[in-house]
Engineer: 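One structure coming up, written as structure tokens, with questions to follow.
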Number of protein chains: 2
Amino acid sequence: MATRSAMSWTDDGDEPNDDPGGEAAPTRSGDSSRRLIEAAIEAFADRGFHATTTRDIATRVGLSPAALYVHFPSKQALLAEISVVGHEAALDLVERSAATQTGSVDRLRAVIRDFTAWHAERYRVARVVHHEIAALADTDQSRVLDVRRKIEGVVEAQLSAGNASGEMDVPDTRAVARALLSLSVDVARWYDPRGSRTAAQIGDLYADLATRMVSARPPAPPEGERT
Amino acid sequence: MATRSAMSWTDDGDEPNDDPGGEAAPTRSGDSSRRLIEAAIEAFADRGFHATTTRDIATRVGLSPAALYVHFPSKQALLAEISVVGHEAALDLVERSAATQTGSVDRLRAVIRDFTAWHAERYRVARVVHHEIAALADTDQSRVLDVRRKIEGVVEAQLSAGNASGEMDVPDTRAVARALLSLSVDVARWYDPRGSRTAAQIGDLYADLATRMVSARPPAPPEGERT
DNA sequence: GTCTATATTCTGATAGAC
DNA sequence: GTCTATCAGAATATAGAC
């Protein structure tokens with residue numbers, strides 16, 4: 001399970017008014033599972049998994065508390081769906097980004113830019129994905145930790161390649177890979193869509209910061225050279 | 001309230017066996033408030049505020065569920081105590097670190113190193129402090145957000161000073177200050193004391209990364225200069 | 001300050017009609 | 001698939017004895 005709907009709700013979820021009828025009735029039928037997931041993401045992200053009640057989620061969608069259990073066997077299963085699909089979407093994104101470039105520096109830049117922008121754009125999903133792991137069942141925890149290791153692997157591979165080519169100078173590739181991803185991930189914690197910087201801008205900035213962090217530097221310029 | 005005990009439980013909390021008697025009886029008297037706070041930090045950090053029960057906290061200390069309410073008016077008040085004191089400890093740390101150095105680069109290095117190491121060493125407090133803000137009452141939220149702004153101000157001041165002196169090249173001091181602190185803060189989310197790197201090592205690494213992120217660079221060396 | 005109850009409310013989940 | 005009604009357990013917090 002969980003992978004069945006793959007990226008179905010991943011692409012977008014901020015504009016639920018894709019109603020062809022145009023009426024936007026509060027209790028439209030459509031795909032209830034999808035709407036429940038979107039409501040759960042919002043609630044989990046804002047208040048946390050344990051502070052959110054199943055009643056709350058169902059009510060947001062205009063359903064009775066019992067209706068949720070037709071679509072998901074438990075509140076925890078709902079979280080698992082969100083968390084597993086969210087992780088897989090992030091991994092997919094990272095692999096696609098890396099594939100668009102060839103050099104290790106450009107690859108790292110693309111990965112950090114897109115991974116960061118995703119954590120801003122989809123900050124609610126990202127928050128749930130990163131802050132509610134402890135609430136998952138052990139088996140689901142293992143699955144998402146596995147995905148995380150793969151994401152870290154993609155980044156660390158670029159650092160190792162960059163070291164080898166001489167374009168980078170990273171003494172501890174494991175720790176720096178984790179730091180780079182940590183930096184991007186934490187955007188979801190503080191990002192506010194009403195803020196002055198767009199998700200894309202933050203992605204670009206972080207790609208620059210990442211480049212600075214890992215780039216090999218010339219021997220060391222003599223002091224006081226700048227205007 | 002909250003400030004009354006200031007840094008009383010902040011300094012250390014990982015070794016409760018400071019029993020002069022040596023017996024380490026599970027239900028020693030001592031300061032129950034302090035022991036409740038330490039138990040709450042552990043529980044909140046591991047499972048989250050809402051997933052933790054007052055019974056759980058009291059039981060860990062060897063008290064009955066009702067005993068907690070002699071020392072704290074509510075579960076939320078316990079969280080507020082932890083959160084406010086934790087924030088103030090972090091601000092105090094940052095200000096002390098900055099004061100140990102004079103140049104903006106050295107100041108930034110010291111601040112990032114100590115702030116990061118603190119988030120690793122005291123990762124449980126840090127987790128509660130950063131991930132349970134939504135569970136605080138509005139008035140307490142304002143207080144901690146105020147402290148956060150002060151911390152960000154200290155860092156941003158170094159970036160502005162560094163720009164002015166020419167030692168740094170930071171286009172967006174606000175965004176970069178937030179990124180630097182975000183990087184340090186997120187250590188608390190993933191840090192595991194059983195890991196291979198010590199808190200001090202991570203602090204040093206992050207100070208290096210921070211320096212790389214903000215340092216002014218020589219004009220741009222001609223391509224392909226390295227061996 | 002600590003205990004043993006217990007009040008009160010809420011929550012996840014189920015039963016069974018439509 | 002959705003509803004109404006409800007169960008069973010759990011959680012925060014209080015009352016009152018010691």
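All heavy atoms count here, side chains included; hydrogens, waters and symmetry mates do not. Chain identifiers are assigned alphabetically (A, B, ...) following the order of the sequence lines, protein sequences preceding nucleic acid strands; residue numbering begins at 1 within each chain. Note that this is a predicted model, so its numbers are computed, not measured.
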Engineer: Mind calculating the distance between CG (L36(B)) and P (dT12(D)) to the nearest angstrom?
Structural biologist: 14 Å

Engineer: Give the intermediate values and the outcome of side chain to side chain contact (heavy atoms under 4.5 Å, CB included) for residues L183(A) and M213(A).
Structural biologist: CA-CA 12 Å; L183(A) 181 60; M213(A) 279 192 262; 3.8 Å; yes

Engineer: Nearest whole angstrom, please: distance from the C1' of dT12(D) to the NZ of K75(B).
Structural biologist: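 Between C1' of dT12(D) and NZ of K75(B): 8 Å.
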
Engineer: Considering only heavy atoms from C-beta outward, does the side chain of Q201(B) approach that of D172(A) to under 4.5 Å?
Structural biologist: no

Engineer: Give the rounded distance in Å between these two atoms: CD of Q76(B) and P of dA11(D).
Structural biologist: 18 Å

Engineer: Whether the side chain of T100(A) engages the backbone of S97(A) through a donor-acceptor N/O pair (distance < 3.5 Å, no angle test) should be reported.
Structural biologist: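 Yes, because the side chain of T100(A) sits within donor-acceptor range (under 3.5 Å) of the backbone of S97(A).
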
Engineer: In whole Å, what is the span from the CZ atom of F72(A) to the C1' atom of dG12(C)?
Structural biologist: 16 Å

Engineer: Is S74(B) near enough to dT12(D) that one of its side-chain N or O atoms lies under 4.0 angstrom from OP1 or OP2?
Structural biologist: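 For S74(B), the contact criterion (side-chain N or O under 4.0 Å from OP1 or OP2 of dT12(D)) is not met.
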
Engineer: So, using side chain to side chain donor-acceptor pair (under 3.5 Å) as the criterion, who are the partners of R47(A) when residues are at least two apart?
Structural biologist: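 With sequence neighbours excluded, R47(A) shows a side chain to side chain donor-acceptor pair (under 3.5 Å) to D56(A), given in chain and number order.
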
Engineer: Between Y69(B) (OH) and dT12(D) (P), how many Å, whole number?
Structural biologist: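 Taking OH of Y69(B) and P of dT12(D), I get 6 Å after rounding.
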
Engineer: May I have the distance from L78(A) (atom CG) to dT11(C) (atom C1'), rounded to whole angstrom?
Structural biologist: 15 Å

Engineer: Is a salt bridge present between R96(B) and D92(B), judged by a nitrogen-to-oxygen distance below 4.0 Å?
Structural biologist: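 Answer for the salt bridge query: yes.
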
Engineer: Contact class for A66(B) vs. all strands (heavy atom < 4.0 Å): base, sugar-phosphate, or nothing?
Structural biologist: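 Result for A66(B) = base.
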
Engineer: In residues 48-57 of chain A, what residues come within less than 4.0 Å of DNA chain C, judged by heavy atoms?
Structural biologist: T52(A), T53(A), T54(A), R55(A)

Engineer: Please give, in whole Å, the distance from dT2(D) P to L68(A) CG?
Structural biologist: 11 Å

Engineer: Taking salt bridge (Lys or Arg N to Asp or Glu O under 4.0 Å) as the test, write out the residues that go with E152(B), two or more places apart.
Structural biologist: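 Once residues adjacent in sequence are excluded, the partners of E152(B) under the salt bridge (Lys or Arg N to Asp or Glu O under 4.0 Å) criterion are R174(B).
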
